[in-house]
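These notes are about the structure you will find just below.
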Amino acid sequence: MSNRTFTMIKPDATSKGYTGAILDQIIKAGYSVKAMKWTKLTIEQAGLFYDIHRERPFFGDLVKFMSSGPIVAAILEKENAVEDFRTLIGATNPANAAEGTIRKNFAASIGENAVHGSDSDENAQIEGDFFFSKLERF
Ligand code: CMP
């Protein structure tokens, strides 16, 4: 069990003005921010980040969407961070997300689902390293 996870607030949520409300829900759930940036991915960078999904039928739509507008990337800390954060954000498809979860509150569809959360400690490390240098985290 690690105490850090990685998240992105995705372009659908930033463009609808949900960034502050999502961060508020994350902070109120007990996470502290260890690194954060507001940025925009190129289609190539989105492809590298989601390389594991390259052969999936939705890959093209995913990288187009993820490079369509600004995102917020962050490293978050809390006990049991990866597992608890996935509970906090809810199911990948917001139609299946539990009441009160971030995706239930803010997401519209499986493709445009407001937030990303790492699925393992290993990927949390890899994904945080993708966005942040040692100087940008504490
Ligand atoms: P995320 O948790 O960021 O990781 C991979 C993303 O791919 C996922 O959120 C969804 O937004 C997207 N995704 C997964 N399955 C589908 C699908 N069937 N159709 C479109 N997008 C998908």
Side-chain angles (χ1 to χ4, degrees):
M1 171 179 107
S2 129
N3 60 356
R4 288 192 176 201
T5 191
F6 171 82
T7 188
M8 284 185 289
I9 302 176
K10 298 188 180 186
D12 57 319
T14 62
S15 71
K16 289 174 186 159
Y18 294 156
T19 303
I22 290 173
L23 288 174
D24 189 54
Q25 191 168 346
I26 291 170
I27 303 299
K28 283 188 173 133
Y31 292 86
S32 61
V33 176
K34 295 292 157 182
M36 180 173 280
K37 66 174 66 166
W38 173 269
T39 187
K40 186 171 182 289
L41 295 170
T42 64
I43 204 157
E44 291 79 16
Q45 288 167 333
L48 283 175
F49 183 87
Y50 281 115
D51 198 50
I52 196 169
H53 297 305
R54 198 166 285 276
E55 304 307 323
R56 307 283 280 274
F58 56 82
F59 181 75
D61 286 343
L62 175 62
V63 297
K64 200 169 150 198
F65 164 63
M66 287 303 298
S67 58
S68 68
I71 60 149
V72 175
I75 296 172
L76 303 171
E77 187 171 275
K78 190 182 91 63
E79 202 176 290
N80 201 32
V82 166
E83 195 183 332
D84 286 359
F85 193 72
R86 287 175 74 81
T87 303
L88 178 68
I89 65 179
T92 304
N93 187 344
N96 303 325
E99 281 303 323
T101 60
I102 291 175
R103 284 173 172 152
K104 186 72 175 183
N105 290 345
F106 300 105
S109 68
I110 189 167
E112 303 197 2
N113 62 357
V115 282
H116 167 80
S118 304
D119 63 3
S120 65
D121 291 346
E122 188 191 2
N123 283 336
Q125 183 71 46
I126 293 168
E127 291 168 1
D129 290 346
F130 183 93
F131 278 92
F132 298 104
S133 71
K134 285 199 174 77
L135 282 173
E136 293 173 312
R137 60 177 93 183
F138 66 96

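Index from 1, following the sequence. In each ligand, atom 1 is the first atom listed, and ligand 1 is the first ligand listed.
- At least one heavy atom of R103 sits closer than 4.0 Å to an atom of ligand 1.
- Closest to atom 6 (C) of ligand 1, if we only count protein heavy atoms, is L62 CD1, 3.8 Å.
- The contact set between ligand 1 and H53, taken as ligand atoms under 4.0 Å from a residue heavy atom, comprises 5 (C).
- For I52, the CD1 atom sits in a loose shell: 12 or fewer heavy atoms of surrounding residues, nucleotides or ligands are nearer than 6.0 Å.
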I would like to know whether N105 and Y18 meet side chain to side chain contact (heavy atoms under 4.5 Å, CB included); could you show each step before the answer? CA-CA 10 Å; N105 290 345; Y18 294 156; over 6 Å; no
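- The nearest protein atom to atom 20 (C) of ligand 1, hydrogens excluded, is given as F58 CB, 3.5 Å; this is a heavy-atom distance.
- With salt bridges taken as basic N to acidic carboxylate O contacts below 4.0 Å, none links D61 and K64.
- Residues passing the ring-ring contact (aromatic ring centres under 6.0 Å, His included) test with F132: none are found, sequence neighbours excluded.
- In terms of protein heavy atoms, atom 9 (O) of ligand 1 is closest to K10 NZ, 3.1 Å.
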Pair Y31, T7 - check side chain to side chain contact (heavy atoms under 4.5 Å, CB included), show working. CA-CA 11 Å; Y31 292 86; T7 188; over 6 Å; no
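- Between D61 and ligand 1 there is no heavy-atom distance shorter than 4.0 Å.
- The closest protein non-hydrogen atom to atom 4 (O) of ligand 1 is Y50 CE2, 3.6 Å.
- Remark: M66 CE to Y50 OH distance equals 4.0 Å, nearest 0.5 Å.
- E112 does not count as a contact of ligand 1, since none of its heavy atoms falls under 4.0 Å from the ligand.
- Atom 10 (C) of ligand 1 has I110 O, 3.3 Å as its closest protein atom, hydrogens excluded (heavy atom only).
- Only one option out of L23, I102, I71 pairs with I9 in a side-chain contact (heavy atoms from CB on, under 4.5 Å); it is L23.
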